[in-house]
2 protein chains.
Amino acid sequence: METVACCTPMTREPMTAPQAERVSALLKALADPVRLQLLSLVASHEGGEACVCDLAEAFDLSQPTISHHLKVLHGSGLLERSKRGVWVYYKVADEVLNSLGKLISSAGA
Amino acid sequence: METVACCTPMTREPMTAPQAERVSALLKALADPVRLQLLSLVASHEGGEACVCDLAEAFDLSQPTISHHLKVLHGSGLLERSKRGVWVYYKVADEVLNSLGKLISSAGA
DNA sequence: GATAAATATTGACAGAGATCGATGTCCGGT
DNA sequence: ACCGGACATCGATCTCTGTCAATATTTATC
């Protein structure tokens with residue numbers, strides 16, 4: 001899992017097209033209200049982990065829809081997956097989220 | 001211009017639906033390769049400002065398309081607009097971008 | 001005031017994405 | 001071996017978004 005966009009604070013020098021492509025892929029994955037809530041639910045759950053059954057209850061959406069959103073988050077590298085028995089547990093990929101945040105807030109103090 | 005999502009680091013307790021809606025609106029505005037490059041171009045331009053003519057040259061896109069992207073960025077509060085003569089200058093809204101980044105990277109250290 | 005240049009708006013279209021119902025897969029228990 | 005529950009995949013639909021050509025708006029200049 002490579003770094004988001006190594007050491008280029010986005011306000012120093014213009015991003016290249018490939019950089020922008022990669023970063024926007026991460027942001028697209030994050031830019032959905034349901035997925036934001038899913039991520040924060042996982043992050044704030046005890047142990048930093050949550051199974052799908054815990055998450056699905058919090059929404060008025062069908063199970064396939066939740067599964068779809070989790071797939072997007074996992075596919076982009078923002079959530080880590082681990083299967084234990086019948087349950088699948090998701091966990092926030094701290095480093096990825098962290099470096100993404102730093103990249104964005106590289107503007108002010 | 002209110003704060004992105006006041007003081008709730010997203011990993012402490014789950015985001016509410018309205019919070020998620022507001023944050024995702026900002027992220028949607030940012031989650032496009034062209035807009036990311038536009039933002040970084042503006043930020044890295046001398047004086048932290050750039051007029052549309054400076055920006056449009058960097059892309060192989062029509063002028064209305066660039067104008068559209070700038071409108072999205074300005075409409076979401078990520079870019080500030082100021083008209084001087086025939087030219088329109090854009091400038092990064094540091095605080096907005098900053099607080100958004102902090103919100104995201106509130107995961108790790 | 002007419003003209004030219006810089007930027008914005010409008011209308012149309014194609015591609016992407018969110019959602020659902022139905023179905024499939026995998027695992028644990030009886 | 002069968003059954004039930006947890007989660008994923010598939011196919012369809014509907015909405016949203018990026019892009020362009022054409023046109024409008026604003027402003028400086030002659």
Side-chain angles (χ1 to χ4, degrees), chain A residues 15 17-18 20-39 41-42 45 49-91, chain B residues 15 17-18 20-42 45 47 49-91:
Chain A
M15 296 180 71
E21 210 74 43
R22 163 145 183 79
V23 175
S24 79
L26 277 175
L27 289 173
K28 269 189 220 295
L30 213 55
D32 180 278
V34 175
R35 290 198 285 271
L36 276 175
Q37 284 195 82
L38 278 172
L39 203 82
L41 270 174
V42 170
H45 205 263
E49 273 188 340
C51 73
V52 182
C53 54
D54 292 326
L55 302 170
E57 294 173 354
F59 299 89
D60 196 26
L61 291 171
S62 71
Q63 175 264 323
T65 298
I66 299 296
S67 190
H68 162 69
H69 285 304
L70 288 170
K71 183 179 186 174
V72 172
L73 286 169
H74 175 245
S76 67
L78 291 167
L79 280 187
E80 292 162 10
R81 238 179 79 105
S82 69
K83 191 167 185 176
R84 289 204 292 275
V86 189
W87 297 279
V88 174
Y89 289 82
Y90 286 94
K91 179 176 170 308
Chain B
M15 296 180 71
E21 210 73 44
R22 163 145 183 78
V23 175
S24 78
L26 277 175
L27 289 173
K28 269 189 220 294
L30 212 55
D32 180 277
V34 175
R35 290 198 286 270
L36 276 175
Q37 283 195 83
L38 278 172
L39 203 82
S40 73
L41 269 174
V42 171
H45 204 263
E49 273 188 339
C51 75
V52 182
C53 54
D54 292 327
L55 302 170
E57 293 174 355
F59 299 89
D60 196 26
L61 292 171
S62 72
Q63 175 264 324
T65 298
I66 300 295
S67 190
H68 162 69
H69 285 304
L70 289 170
K71 182 179 185 175
V72 172
L73 286 170
H74 175 245
S76 67
L78 290 167
L79 279 187
E80 292 162 10
R81 239 179 78 106
S82 70
K83 190 167 185 175
R84 290 205 291 275
V86 189
W87 297 278
V88 174
Y89 289 82
Y90 286 95
K91 179 176 169 307

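Throughout, a chain's letter reflects where its sequence line sits, starting with A, and its residues are numbered from 1. Only a predicted model underlies this, so the values are computations on that prediction, with no experimental measurement involved.
Contact annotation: side chain of Q63(B) to base of dA8(C), donor-acceptor pair present below 3.5 Å.
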Can you give the donor-acceptor pairs under 3.5 Å from side chains of residues 25-35 of chain B to other protein atoms, not counting sequence neighbours?
residue: K28(B); atom: NZ; partner: A31(A); partner atom: O; Å: 3.0
residue: D32(B); atom: OD1; partner: V34(B); partner atom: N; Å: 2.9
residue: D32(B); atom: OD1; partner: R35(B); partner atom: N; Å: 3.2
residue: R35(B); atom: NE; partner: A29(B); partner atom: O; Å: 2.6
residue: R35(B); atom: NH1; partner: H69(B); partner atom: ND1; Å: 3.0
residue: R35(B); atom: NH2; partner: K28(B); partner atom: O; Å: 3.2

N/O donor-acceptor pairs under 3.5 Å from side chains in residues 55-65 of chain A, not counting sequence neighbours:
residue: S62(A); atom: OG; partner: T65(A); partner atom: N; Å: 3.4
residue: S62(A); atom: OG; partner: T65(A); partner atom: OG1; Å: 2.9

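Between dT7(C), dT9(C), dC7(D), one nucleotide has an atom nearer to the side chain of K71(B) than all others, and that is dT9(C). The V34(B) side chain lies nearest to dT19(D) when the options are dT9(C), dC7(D), dT19(D). For D32(A), taking side-chain heavy atoms from C-beta onward, the closest of the listed nucleotides dA18(C), dA8(D), dG18(D) is dA18(C).
For the side-chain contact (heavy atoms from CB on, under 4.5 Å) test with V52(A), the passing option among Y89(A), W87(A), Y90(A) is Y90(A); the others fail.
R35(B) places its CZ atom 9 Å from the P atom of dT17(D), with the value rounded to the nearest Å. K28(A) places its NZ atom 12 Å from the C1' atom of dC16(D), with the value rounded to the nearest Å. Between W87(B) atom CH2 and dT27(D) atom C1' the separation is 10 Å, expressed in whole Å. Rounded to whole Å, atom C1' of dT26(D) lies 16 Å from atom OH of Y89(B). The nearest whole Å value for the distance from the CG atom in L30(A) to the P atom in dA18(C) is 12 Å. Between the P atom of dA6(C) and the CG atom of L55(B) lies a distance of 14 Å, rounded to the nearest Å. Protein atom CZ of F59(B) is 17 Å distant from nucleotide atom C1' of dC20(D), rounded to whole Å. Rounded to whole Å, atom C1' of dA6(D) lies 14 Å from atom CD1 of I66(A).
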Using a cut-off of 4.0 Å between protein heavy atoms and nucleotide atoms, how would you tag nucleotides 25-30 of chain C 5' to 3' with B, S and -? -SSS--
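The shortest distance between the side-chain N/O atoms of R81(A) and the OP1/OP2 oxygens of dC7(D) is not below 4.0 Å. A sub-4.0 Å separation between OP1 or OP2 of dA8(C) and a side-chain N or O of Y90(B) is present. For the OP1/OP2 pair of dA18(C) and a distance below 4.0 Å, the side-chain nitrogens and oxygens of T65(A) include no atom meeting the criterion. At least one side-chain nitrogen or oxygen of H69(A) sits closer than 4.0 Å to the OP1 or OP2 atom of dT19(C).
Heavy atoms only, all atoms of each residue included: M15(B) and V23(B) are closest at CE-CG2, 3.8 Å. The minimum heavy-atom distance linking A50(A) with H45(A) is given by the pair CB-CG, 3.8 Å.
Looking at heavy-atom distances under 4.0 Å, R84(B) makes no contact with the nucleic acid at all. Using a 4.0 Å heavy-atom criterion, one finds that L61(A) contacts the sugar-phosphate atoms exclusively. Within 4.0 Å (heavy atoms only), H68(B) reaches at least one base atom of the nucleic acid.
Note that CG of L78(A) is 12.0 Å distant from CG of L70(A), once rounded to the nearest 0.5 Å.
A heavy-atom distance below 4.5 Å is found between the side chains of H68(B) and V72(B).
Comparing V72(B) and P64(B) by the nucleotide of DNA chain D whose heavy atom lies nearest to each, the residue mapping closer to the 5' end is V72(B).
Salt-bridge formation is not detected for the pair K91(B)/E49(B): no Lys NZ or Arg NE/NH1/NH2 atom is positioned less than 4.0 Å from an Asp or Glu carboxylate oxygen.
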